[in-house]
Amino acid sequence: MPDAPATNMNMIEAINDALSVAMERDLDVTVLGEDVGYFGGVFRATAGLQKTYGKTRVFDTPITECGIVGVAVGMAAYGLRPVPEIQFADYIYPALDQLVSEAARLRYRSAGEFPMPITVRSPFGGGIFGGQTHSQSPEAIFTHVCGLKTVIPSTPYDAKGLLLAAIEDNDPVIFFEPKRIYNGPFDGHYDRPVQPWAKHPASLVPSGHYTIPLGKAALVREGQDLTVLAYGTMVHVALSVVEELGVDADVVDLRTLMPLDIETIESSVKKTGRCLVIHEATRTGGFGAELSALVQERCFYYLEAPVERVTGFDTPYPHSLEWAYFPGPIRIGMAIEKVMKD
Amino acid sequence: MPDAPATNMNMIEAINDALSVAMERDLDVTVLGEDVGYFGGVFRATAGLQKTYGKTRVFDTPITECGIVGVAVGMAAYGLRPVPEIQFADYIYPALDQLVSEAARLRYRSAGEFPMPITVRSPFGGGIFGGQTHSQSPEAIFTHVCGLKTVIPSTPYDAKGLLLAAIEDNDPVIFFEPKRIYNGPFDGHYDRPVQPWAKHPASLVPSGHYTIPLGKAALVREGQDLTVLAYGTMVHVALSVVEELGVDADVVDLRTLMPLDIETIESSVKKTGRCLVIHEATRTGGFGAELSALVQERCFYYLEAPVERVTGFDTPYPHSLEWAYFPGPIRIGMAIEKVMKD
Amino acid sequence: MSRSNLPPLRLHVPEPPARPGEEADFSHIDILPAGVTPRPDSAADSATMRDLAYGLVRVLDDEGNAVGPWNPRLSPDVLRRMLRAMALTRAFDDRMFRAQRQGKTSFYMKSLGEEAVSIGAAFALQRDDMCFPSYRQQGILIARDWDLVDMMNQIYSNKGDRLKGRQLPIMYSAKDASFFSISGNLTTQVPQAVGWAMASAARGDTRIAASWCGEGSTAEGDFHAALTFATVYRAPVVLNVVNNQWAISSFAGFAGAESTTFAARAVGYGIAGLRIDGNDALAVYAATAWAAERARTNHGPTLIEHFTYRAEGHSTSDDPSAYRSSEERSKWPLGDPVARLKAHLIAIGEWDEARHAAQDLELAEQVKAAAKAAEKNGILGHGMHQPFATMFEDVFEDMPWHLKEQSAQMMSERMRKWPKPGEGPR
Amino acid sequence: MSRSNLPPLRLHVPEPPARPGEEADFSHIDILPAGVTPRPDSAADSATMRDLAYGLVRVLDDEGNAVGPWNPRLSPDVLRRMLRAMALTRAFDDRMFRAQRQGKTSFYMKSLGEEAVSIGAAFALQRDDMCFPSYRQQGILIARDWDLVDMMNQIYSNKGDRLKGRQLPIMYSAKDASFFSISGNLTTQVPQAVGWAMASAARGDTRIAASWCGEGSTAEGDFHAALTFATVYRAPVVLNVVNNQWAISSFAGFAGAESTTFAARAVGYGIAGLRIDGNDALAVYAATAWAAERARTNHGPTLIEHFTYRAEGHSTSDDPSAYRSSEERSKWPLGDPVARLKAHLIAIGEWDEARHAAQDLELAEQVKAAAKAAEKNGILGHGMHQPFATMFEDVFEDMPWHLKEQSAQMMSERMRKWPKPGEGPR
Ligand SMILES: Cc1ncc(C[n+]2csc(CCOP(=O)(O)OP(=O)(O)O)c2C)c(N)n1
Ligand SMILES: Cc1ncc(C[n+]2csc(CCOP(=O)(O)OP(=O)(O)O)c2C)c(N)n1
Ligand SMILES: [Mg+2]
Ligand SMILES: [Mg+2]
């Protein structure tokens with residue numbers, strides 16, 4: 001952590017600060033999206049940026065995700081470093097062709113003539129009673145697409161450092177922000193009072209510029225008996241369950257899903273011999289499948305139990321049954337029991 | 001196999017026949033897509049249908065995949081049973097929102113008021129020097145989406161029976177047709193002469209109506225030492241490599257990826273203790289990851305070696321290096337050696 | 001052309017007439033008087049009526065008279081039913097908005113100021129014409145006499161919710177009212193309406209389709225796909241664009257309103273386009289009836305731009321005072337749709353203030369009674385939801401093994417949380 | 001309105017003028033004479049020039065004279081350079097088409113009959129104006145004197161291919177010619193061009209952008225997104241729609257041509273729309289110059305519909321005789337662009353048949369020599385490709401571990417296939 005003075009921030013503030021630092025340092029950084037300009041975004045992540053950096057660097061756009069990303073690709077071809085926002089990850093699908101066939105492919109198909117330094121920010125995940133179209137976690141669609149990086153922060157400190165690294169990266173990055181923890185970490189106990197970020201050490205965010213390298217996980221808790229792989233909101237839920245159950249576990253916050261920090265994963269699982277993978281996204285074909293496959297491919301002879309997955313169910317995110325859907329402490333607890341059994 | 005008279009067909013003919021049988025039996029079955037009408041499709045899969053069933057049941061459409069699927073959703077809401085074609089799977093992305101947020105969700109979000117009996121046909125996969133935009137295998141994007149079924153045939157016989165089952169199914173089905181084997185099975189040896197379908201037993205296609213149930217795999221070869229899971233083109237490559245190497249393997253043609261025939265997979269792996277998963281799609285987050293995860297979750301204590309994946313590489317499908325990219329006999333052979341080692 | 005002589009390029013960025021703290025200003029909007037915009041035959045070639053896209057169909061003038069060629073000459077009885085439906089919609093919105101503020105549900109969206117748009121249309125369409133609404137056409141359900149309790153059950157996601165608590169509040173689905181399941185994803189319904197209309201025409205049916213989306217939403221690709229399919233096959237469909245001047249915080253200029261009208265989009269595809277006073281229930285009725293006749297007589301689609309104003313916030317999740325002048329609402333030059341229809345009925349001697357006040361009271365009571373009935377089925381987050389196991393229904397027609405396993409997992413989690421028999425929700 | 005009195009709905013399905021075996025018929029196309037369509041000031045308000053979308057800008061008349069307000073009055077020298085570029089494009093197409101037929105590559109797409117569209121535009125734009133082409137604007141590269149051998153290396157996916165053999169033939173990328181990487185996915189380039197133009201304007205640059213797509217492709221949502229962004233921000237961009245009457249087997253009616261023009265799409269967004277004779281190089285030049293001036297002086301975007309005819313099959317993968325009358329090409333009322341420019345140069349006494357014939361020979365030789373040079377670098381499928389390891393480059397700027405592992409895997413497969421040192425391609 002750099003020596004700059006630090007202040008307590010929630011995740012939105014940290015993201016806003018990262019954007020401001022990036023725009024301050026590099027004239028090419030350009031923000032665009034629905035309601036991001038004058039209003040500062042429906043979650044306020046871009047608040048104040050237009051006022052500071054002007055209307056030709058922070059664009060309110062028409063409501064077309066296809067257009068937002070298509071225009072960002074054109075801006076990147078010009079030489080800018082666009083940071084489009086997709087208002088909710090659930091609304092990223094109309095942009096998929098521009099992301100998959102264009103942003104992700106252009107460096108390759110032009111053999112380097114047109115790199116695409118684009119960072120697509122989007123709030124994702126559930127736990128806010130958003131119903132099926134404000135709660136989705138579509139990261140596995142993007143991790144399957146070669147040429148895209150996928151980054152998911154879990155704290156204000158990480159959010160700022162990772163977002164700055166993503167913006168400075170010369171490849172397209174999907175930056176999913178776990179909206180459930182914008183205002184405070186969430187331990188999965190929806191019926192207990194919400195904690196604000198201020199009480200969490202990782203809400204201390206240095207001012208100015210710093211980056212957290214993409215592709216590096218964080219070992220947020222060390223143990224001997226179990227490796228828990230998680231990202232975003234689920235890092236906090238995992239940590240709390242591990243503490244509650246008193247399991248001596250490594251908890252790995254992946255931070256970047258692509259490229260993945262395979263070294264951290266491998267060395268942890270080889271140490272513990274047991275692995276639990278957690279995500280909120282639907283189970284089948286989720287990123288947990290890839291993690292499970294990789295772990296058993298690379299640590300098979302060290303495993304003492306099957307790699308377990310704890311995930312959202314393979315249904316849309318239901319409005320009233322949100323907490324029955326959410327992979328909370330009970331589901332994780334049952335999985336830990338299972339993976340620790342023999 | 002029914003008692004109806006059978007003729008030798010290639011896969012295109014079998015698909016065409018299935019469409020014709022479906023349209024003949026059910027006035028609601030409606031075909032639409034780019035160039036599918038007068039011309040009969042760029043691969044001729046819909047040849048003759050417009051002439052027989054008329055211009056208001058077989059539609060040439062504007063070039064908008066979003067519109068094609070959106071209109072199909074509306075037609076299904078009316079009560080029709082639309083069978084849209086997406087000309088190449090590489091061009092399905094503009095339709096993704098209508099597929100994911102609409103077709104896949106409507107039964108659920110309307111609590112059954114608006115079921116979506118839509119079958120989206122699309123040629124997929126490489127091996128025809130189509131370059132990166134005529135070769136993709138995006139099935140894993142769809143298998144991750146709850147509410148969609150995904151079906152991939154590997155023979156003319158299966159193609160007809162599965163397509164009829166898909167059209168009769170009351171849920172949306174993504175029906176990916178491995179275009180490399182439209183005209184003949186392919187053993188992966190690109191430098192040997194191509195075999196026509198006529199010499200293959202599964203090219204004998206009964207006339208009239210029959211279905212192959214969705215969700216049921218086919219054990220296309222029986223053995224004791226290894227389970228190979230494959231679908232589409234890779235079934236033929238797998239079979240040929242297994243024969244060449246003389247491995248005593250079960251080869252499972254999954255046929256339907258969602259819902260998956262987990263029983264067949266489980267009982268085979270529990271018998272053999274070894275498992276190889278093959279697909280042409282890019283590796284990371286491919287459907288092979290889900291298969292690998294499921295197998296180790298359910299058969300962990302039977303496994304004698306890690307589940308191996310043989311896949312396309314995590315790059316776009318390159319034009320000139322097509323055969324270096326394709327998961328062909330050498331790659332599969334090396335994986336078999338590895339999985340059989342100890 | 002020597003480039004060094006050229007000035008640097010500049011980017012134009014749209015700017016709304018007024019931001020918070022500034023004086024509301026609609027002087028740039030040219031409001032044509034009622035009665036002046038001509039009414040062509042509904043079978044006329046679209047190429048002969050491009051001007052309509054730049055006109056403004058208005059029937060009710062400032063004195064409450066119904067004037068001009070678009071006057072639908074409705075009976076007082078129909079007028080009163082329309083007024084009642086509009087007032088009921090407003091009363092419903094009012095109560096449900098407050099219910100959200102009281103924590104009884106997660107979300108609500110009002111249609112305040114836009115009631116004429118959906119109710120005028122619903123009266124002009126046949127009840128079995130299929131509607132593909134966006135989230136602000138609750139008025140259609142109300143005009144079609146849909147059960148308020150059913151709507152409220154959906155808003156509360158309670159155990160009476162036919163949609164099994166799955167959808168965000170106000171995302172109704174009512175097949176029996178020919179009202180399609182509302183999507184959270186903007187504008188997907190527009191090509192769907194076209195597809196439904198194509199199917200109806202292909203079958204030789206007589207039912208047509210209609211869709212609604214906001215002016216902001218017209219930017220989505222689905223809108224374009226819909227118009228393209230509609231013009232190619234001359235689908236019997238009425239495509240409504242509700243131009244209420246605002247998306248969330250973005251004014252209509254960010255959807256292209258600075259350069260032309262939204263009705264002009266129709267011109268681009270060679271289909272009929274009408275621009276109408278969306279706060280005038282009679283104009284909405286007349287335009288919809290015209291478009292419906294055009295569709296039903298196989299003369300193709302119509303796009304109607306309803307020029308109106310979103311008098312409230314976008315939803316319960318936003319505060320409009322953060323991005324627009326709070327004066328705007330009162331300065332909106334086309335007035336309030338309920339007040340205008342009421343004034344017309346009074347002007348023709350078929351209504352009076354006392355009856356109106358009595359009706360308002362009655363409707364508030366009706367809504368209150370419905371809310372009480374709905375609350376008996378539960379409010380959000382208090383356990384009176386549909387049974388847990390319903391979560392896994394309707395993903396597919398038949399439940400595959402993996403959903404059965406997941407359902408069992410969920411039930412075992414429930415058992416952990418509420419181990420005693422009879423304890424906890426089911 | 002009693003519905004039982006109504007006839008059943010019918011669906012209109014577009015029908016091209018002629019199918020195989022039928023007589024070609026373009027009588028429904030109203031061809032305006034050269035010189036009649038007016039030329040407004042390039043700074044004029046788009047609302048004052050909607051008629052242009054239904055006109056037809058033509059400069060060259062049937063006698064080879066350049067007439068009317070759009071005559072760009074080019075010097076004979078420029079005219080000859082344009083003619084040469086068009087003829088060279090044709091010669092290039094001819095040879096590469098045959099190369100595909102000879103099995104030297106997998107795929108080719110000609111621009112026969114449409115050479116004026118790209119070459120007229122390329123001459124009117126500055127060389128550093130950024131072009132976002134579709135797959136049928138090879139003429140731009142040729143007009144910008146791009147190396148033919150470089151283009152052919154790409155077509156052969158050989159070891160000289162700068163794009164490392166990754167792309168299907170003709171999917172060029174040439175940043176140094178301000179020519180964007182061509183996509184296989186239709187119309188994605190159109191919003192990209194708008195984004196590039198927005199960036200240029202935001203930076204106070206003087207370079208503008210231009211894009212091209214086919215009339216069939218206008219149906220894609222990206223097209224709509226592009227026009228919406230372009231009108232909102234008045235982006236300095238020229239959006240070209242090449243209406244060559246056919247998509248693959250689908251005639252322009254399936255993109256909406258029966259109801260209006262493609263230039264009219266511009267009207268829908270309130271931007272300038274020109275409909276021009278795409279087989280008239282001077283009309284293309286003039287319209288592009290007008291639109292470029294409009295953009296460069298901050299008066300916003302222009303959409304140009306190039307009315308032309310695709311004289312060949314869609315690509316080497318299709319046989320047009322299966323879906324259209326083979327007579328069409330010869331009956332196309334706007335003639336052949338090379339013949340027309342040639343006739344003009346002859347008419348003004350600056351060219352003759354003998355020089356033309358000599359030039360054709362010379363260009364054929366030039367192309368032949370280039371092809372020979374390119375073939376030295378290899379043709380598709382004969383092992384003279386870029387090194388295997390290049391497959392894993394440029395997925396990302398830096399290669400992550402999983403691609404390194406996969407690259408090693410591929411190299412070990414190569415070793416299996418060609419175990420002896422020096423054997424096999426690298
Ligand atoms: C595809 C998609 N993108 C973004 C959103 C988020 N969103 C919801 S409503 C809205 C504004 C819509 O404005 P408008 O179309 O004018 O409708 P209005 O609310 O004014 O009726 C936005 C951006 C969404 N729901 N779906
Ligand atoms: C998104 C997408 N959908 C479909 C295709 C397949 N396709 C390639 S070219 C073409 C026809 C395009 O016609 P048009 O736009 O008129 O261009 P032209 O070839 O006539 O220049 C189609 C359907 C594609 N490449 N991309
Ligand atoms: Mg609006
Ligand atoms: Mg065309």
Side-chain angles (χ1 to χ4, degrees), chain A residues 27-28 30 32 54-57 59-80 82 94-95 97-98 100-115 117 146-149 169-172 214-215 256 258-263 294, chain D residues 130 132 161-164 166-167 171-176 180-185 187-205 207 209 211 220-222 224-229 231-233 235 237 386 390 393-403 405:
Chain A
L27 197 72
D28 290 333
T30 304
L32 67 163
K55 286 186 185 147
T56 55
R57 289 188 65 202
F59 290 97
D60 279 313
T61 65
I63 304 174
T64 155
E65 293 75 14
C66 162
I68 292 168
V69 177
V71 158
V73 168
M75 289 175 162
Y78 181 87
L80 303 189
D97 193 41
Q98 285 283 355
V100 172
S101 309
E102 301 296 315
R105 299 286 190 265
L106 267 158
R107 178 190 288 279
Y108 195 78
R109 78 173 200 236
S110 72
E113 283 198 333
F114 296 104
C146 58
L148 294 179
K149 298 186 176 178
D169 195 276
N170 288 326
D171 287 309
L214 305 190
T256 303
M258 172 58 65
L260 188 67
D261 183 351
I262 193 70
E263 275 176 36
L294 283 172
Chain D
M130 187 71 191
F132 290 80
D161 178 11
R162 276 187 304 109
L163 306 185
K164 304 187 188 171
R166 290 169 183 161
Q167 280 271 66
M171 301 279 174
Y172 314 108
S173 180
K175 195 174 189 181
D176 288 346
F180 192 66
S181 160
I182 297 174
S183 177
N185 297 58
T187 335
T188 49
Q189 72 277 15
V190 191
Q192 292 165 3
V194 174
W196 196 99
M198 285 175 65
S200 186
R203 279 300 169 82
D205 197 339
R207 293 173 297 160
S211 77
E220 292 285 3
D222 301 64
H224 175 62
L227 282 157
T228 304
F229 266 87
T231 191
V232 165
Y233 302 103
V237 65
Q386 288 253 357
T390 60
E393 295 167 1
D394 304 321
V395 177
F396 297 105
E397 185 175 44
D398 300 314
M399 204 180 295
W401 63 270
H402 67 288
L403 288 178
E405 286 188 4

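Below, read A as the first sequence line, B as the second, and so on, with proteins coming before strands; counting in each chain starts at 1. Note: hydrogens, waters and symmetry copies are ignored here, and every other heavy atom, side chains too, is used.
Looking at Val232(D), only its side chain comes within 4.5 Å of chain A, counting heavy atoms on both sides. The parts of Arg162(D) that come within reach of chain A are both its backbone and its side chain, each placing non-hydrogen atoms under 4.5 angstrom from that chain. For chain D, the nearby parts of Ile68(A) are the backbone and the side chain; heavy atoms of each come within less than 4.5 Å. Neither the backbone nor the side chain of Tyr172(D) comes within contact range of chain A, judged by heavy atoms closer than 4.5 Å. Proximity to chain A (any heavy atom under 4.5 Å) is restricted, for Gln167(D), to the side chain, taken from C-beta onward. Contacts of Leu403(D) with chain A are absent, with no heavy-atom separation under 4.5 Å from either backbone or side chain. Neither the backbone nor the side chain of Lys55(A) comes within contact range of chain D; no heavy atom of the residue lies under 4.5 Å from a heavy atom of that chain. For Glu405(D), the part lying under 4.5 angstrom from a heavy atom of chain A is the side chain only.
Taking both residues in full, the closest heavy atoms of Arg203(D) and Leu27(A) are given as NH2-O, 3.0 Å, listed atom of the first, atom of the second, then distance. In this structure, Ala199(D) and Leu80(A) approach most closely via the heavy-atom pair CB-CD1, 3.5 Å.
Here CG of Leu214(A) is found 10.5 Å from CG of Asp398(D). Values are rounded to the nearest 0.5 Å.
At a cut-off of 3.5 Å, with distance as the only test, a side-chain donor of Gln98(A) or Asp222(D) sits close to an acceptor on the other residue. Side chains of Ser181(D) and Glu113(A): a donor-acceptor N/O pair is absent below 3.5 angstrom, by distance only.
Taking the side chain as every heavy atom from C-beta outward, Met198(D) and Tyr78(A) never approach each other to under 4.5 Å.
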